[in-house]
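Just so it is clear: chains get the letters A, B, ... in the order the sequence lines come, proteins before strands, and each one is counted from 1.
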There are 2 protein chains.
Amino acid sequence: MCIAGRSIISVTIKDIAKLANVSHTTVSRCLNDSPLISDKTKNRVLKIAKELNYEVNSSARSLSTKKTGIIGVIYQQELEDFGSSAYINELFLELRHNLETLQLDTILLEAINPDTFMSNTIRLIRQHKVDGFLLIHGQISPNDITYINEYDIPAVQVHFKPDYLDLNTMDYYITDNIRGGYIAAKHLIERGCRKIIALECSPNIGKEFEDRTTGFKNAAKEGRLAEEDCMVFKMKCKYLSAYHFVHEHIELIRTCDGIFAQADILASACITALKEHGLRVPGDIKIVGYDDSFYSTLVPPFITTIHQPREEITVKACNRILDLIKTDGEEIKSLEQEQIEPYLIIRETT
Amino acid sequence: MCIAGRSIISVTIKDIAKLANVSHTTVSRCLNDSPLISDKTKNRVLKIAKELNYEVNSSARSLSTKKTGIIGVIYQQELEDFGSSAYINELFLELRHNLETLQLDTILLEAINPDTFMSNTIRLIRQHKVDGFLLIHGQISPNDITYINEYDIPAVQVHFKPDYLDLNTMDYYITDNIRGGYIAAKHLIERGCRKIIALECSPNIGKEFEDRTTGFKNAAKEGRLAEEDCMVFKMKCKYLSAYHFVHEHIELIRTCDGIFAQADILASACITALKEHGLRVPGDIKIVGYDDSFYSTLVPPFITTIHQPREEITVKACNRILDLIKTDGEEIKSLEQEQIEPYLIIRETT
DNA sequence: GTGAAAGCGCTAACAG
DNA sequence: CTGTTAGCGCTTTCAC
């Protein structure tokens, strides 16, 4: 099937114009649903467009509108380890999905090109390759942020909020980690725990884990646990770290009745290791995880955990970026900085 | 920092041309390292370009070259479950990384738009939004394949090879699953196993798992195992499936000395469940997994497994797609269809 | 309501 | 070796 000798793969508005006996300008207006055009011609043109299976040439449109319909999603290289970043990956897929719903395509990249060490963020902006950014990155470079702010590039920070920056100028949707830690500890205490260990992930990304510990301590104080009965241990967010921790501190752990693991993967490791020492969960010791990632329902007993409100975060972030792109700095946009509350999901480990 | 009153963010070749006292054509040639230009002007122009921090406007370039520098990577929606698709995700990140090394950006999408149920593949082609595709998808629609073939869109199938299609027209890099199954079983037999259970993942994507079973049986026959001593059980590729399987068939399993789990996650589940029944791995029963995903080194004992040659596959696929894009159907391209051999990694479960 | 014409930033054919 | 010119496909004034 060919139009004027050229394969159907590249139908242009001129082709449609010819068949509809109008100018290509009119076709363009029809396709963009301009109010200038009469319904009659609009319908006729759209029908032909459909018949020809027309799709806009996005380069051409971009060149003239300066919009690409593409969002750059920046992720953190170090999180490539899918084991310890299950939640981030779930987050990413949700973002991509939501963007698609909003008719936006997604370019995924690391902040830094691993070969040239140049900023991908800045490159994409200068190349006009994306309309904006979603940043799932706890340690984005200050340069990038400055650049984004200076040129007023639409961008929203998702999940992470780098604490080394003054982010007064950038939108973000993050979770309330203090609250999450608080809920977790409070739940343990309500279940009767009086001596609790918190497993804090380290290194800290932003203050994510530190905050969870803060919340944990707040609840402990509120529940009148003695200082020495709420201990905090830092470790890498890896299965083996928690696994070895349990083996190395088993005597201490035997004297405890609760563990707050700041990631489900750590909770899962604890359960396995405890089992090897003959300790029962939740009989001998109760455990609360964090994230509500797939780890929490991988092996029985399923893990009581803090649900990260990914649905809300991703939907809001995607809608927001779309807004920013559309208004494009016309109106002075107010800042959207929201901290969304996580909540407890009770399963079998408490 | 502004050039002619416009912010540095949009430096064009005309800006450079003015400063260098040449035509914009010359600038374009310099930037593209044309042999037509004298070294002297080339150096001068490039220096200025660098000073101005010039980056090409990719829409403009695309419009005129019909190349976008973007590859569409199509993944399978059902694989969103990161638990049971650890390997695919590792594969994807490697692909993205390699593409970036080749100066290609990556748009990630599902084959079908989940809202409109239209083909994303075809949309992107018609919109001229990508130069080609990498397909990590076992069940890509015949329509998409037909379209890709008909219009000669660069595309290479990675890891999967849909068996319902005549793929004589498309490049692919896949792994030899029959070989993988064979190696796994042979290793068990060499370690002294005489009664082995194979856990086959189902549903089958392509013939991936079926092939592994075929290889398994070949090795069993070669090792003179009795028919009834090499059993095959099908199950979902989920942790819990294998976990429950062990509990439900523990009496049978006690009579066995080897398990070939067709995914590391299944192997991991088996180990946990066996431990709960007091069976030791590898003492009482030996286990070989598949994929060499992060699951295989998550919990001790680390899993002996079949390494999927992801490095080779991804590098070859990315280089190939770049080739296809460059030559752009000029030369009649020969078909690249390679089946790459997986290999055994011995760890602690055998 | 519709069309003619200009322009987005780049590449490429053609001329010199 | 370099410049002039046209054109990629679309949107957007401006005129009618």
Review point. Please give, in whole Å, the distance from D/dT2 P to B/Lys40 NZ?
Key: 9 Å

Practice item. Could you tell me which residues satisfy side-chain contact (heavy atoms from CB on, under 4.5 Å) with B/Leu104, sequence neighbours excluded, listed by chain and number? Key: B/Ile71, B/Leu99, B/Leu102, B/Leu322

Review point. Residues two or more places apart in sequence or in another chain: which of them pass side-chain hydrogen bond (donor to acceptor under 3.5 Å, both in side chains) with B/Thr101?
Key: A/Asp115

Review point. Once you round it to whole Å, what is the distance between P of C/dC8 and CG of B/Leu63?
Key: 13 Å

Point to revise | Length of the NZ-C1' vector between A/Lys129 and C/dG9, whole Å | key: 15 Å

Check your understanding: D/dG3 C1' sits how many Å from B/Ile13 CD1, rounded?
Key -> 13 Å

Practice item. Could you tell me whether the phosphate oxygens of C/dG9, OP1 or OP2, come under 4.0 Å of any side-chain nitrogen or oxygen in B/Tyr54? Key: no

Point to revise | Residues that B/Thr25 engages under side-chain hydrogen bond (donor to acceptor under 3.5 Å, both in side chains), provided they are two or more places apart | key: none

Practice item. Apply side-chain hydrogen bond (donor to acceptor under 3.5 Å, both in side chains) to B/Thr26 and list each qualifying residue two or more places apart in sequence or on a separate chain. Key: B/Ser23

Exercise for review: Note down the inter-axis angle between the two ends of the helix from C/dG1-D/dC16 to C/dG16-D/dC1, five pairs each, to the nearest 10°.
Suggested key: 40°

Review point. Between D/dT12 and A/Ser64, is there an OP1 or OP2 to side-chain N/O distance shorter than 4.0 Å?
Key: no

Review point. Hey, are the side chains of B/Asn89 and A/Asn89 touching, using non-hydrogen atoms and a 4.5 Å cut-off?
Key: no

Review point. What residues, two or more places apart in sequence or in another chain, satisfy side-chain contact (heavy atoms from CB on, under 4.5 Å) together with A/Glu100?
Key: A/Arg96, B/Asn113, B/Pro114, B/Asn120

Study note, to complete from the structure: side-chain hydrogen bond (donor to acceptor under 3.5 Å, both in side chains) filter on B/Ser59, not counting sequence neighbours, yields none

Review point. At under 4.0 Å between heavy atoms, what does A/Leu36 touch on the DNA or RNA strands: base, sugar-phosphate, or nothing?
Key: base

Review point. Just wondering, do B/Leu124 and B/Phe133 contact through their side chains at under 4.5 Å, heavy atoms?
Key: yes

Point to revise | Residues which pass side-chain contact (heavy atoms from CB on, under 4.5 Å) with B/Ile112, listed by chain and number, not counting sequence neighbours | key: B/Phe117

Practice item. Nearest whole angstrom, please: distance from the C1' of D/dC1 to the CG of B/Asp33. Key: 15 Å

Review point. Taking the nucleotide of DNA chain C with the closest heavy atom to each, which residue, B/Asn32 or A/Lys66, is nearer the 5' end?
Key: A/Lys66

Exercise for review: May I ask you to evaluate whether B/Asn57 reaches the phosphate of C/dC8, defined as a side-chain N or O under 4.0 Å from OP1 or OP2?
Suggested key: no

Point to revise | Interface with DNA chain D, restricted to residues 41-50 of chain B and to heavy atoms under 4.0 Å | key: B/Thr41

Check your understanding: Given C/dG9, is OP1 or OP2 found less than 4.0 Å from the side-chain N or O atoms of B/Arg61?
Key -> no

Exercise for review: Please state whether the phosphate of C/dC8, meaning OP1 or OP2, lies under 4.0 angstrom from any side-chain nitrogen or oxygen of A/Ser62.
Suggested key: no

Check your understanding: Where each residue is assigned the nucleotide of DNA chain C containing its nearest heavy atom, which of A/Ile37 and A/Thr65 is assigned the position nearer the 5′ end?
Key -> A/Ile37

Study note, to complete from the structure: B/Val56 meets the side-chain contact (heavy atoms from CB on, under 4.5 Å) criterion, sequence neighbours left out, with B/Tyr54, B/Arg61

Practice item. Report the residues that fulfil salt bridge (charged side-chain N to carboxylate O under 4.0 Å, His left out) with A/Asp131, sequence neighbours left out, ordered by chain and then residue number. Key: none

Practice item. Please state how far atom NZ in A/Lys67 lies from atom C1' in D/dC10, giving the value in whole angstrom units. Key: 15 Å

Study note, to complete from the structure: Per side-chain contact (heavy atoms from CB on, under 4.5 Å), B/Val27 is matched among B/Ile37, B/Val22, B/Leu19 by B/Val22

Study note, to complete from the structure: Of the listed C/dC10, C/dG1, D/dT11, the closest approach to the A/Ser38 side chain comes from C/dG1

**Study point:** DNA chain C contacts made by residues 21-31 of chain B, counting heavy atoms under 4.0 Å
**Key:** B/His24, B/Thr25, B/Ser28, B/Arg29

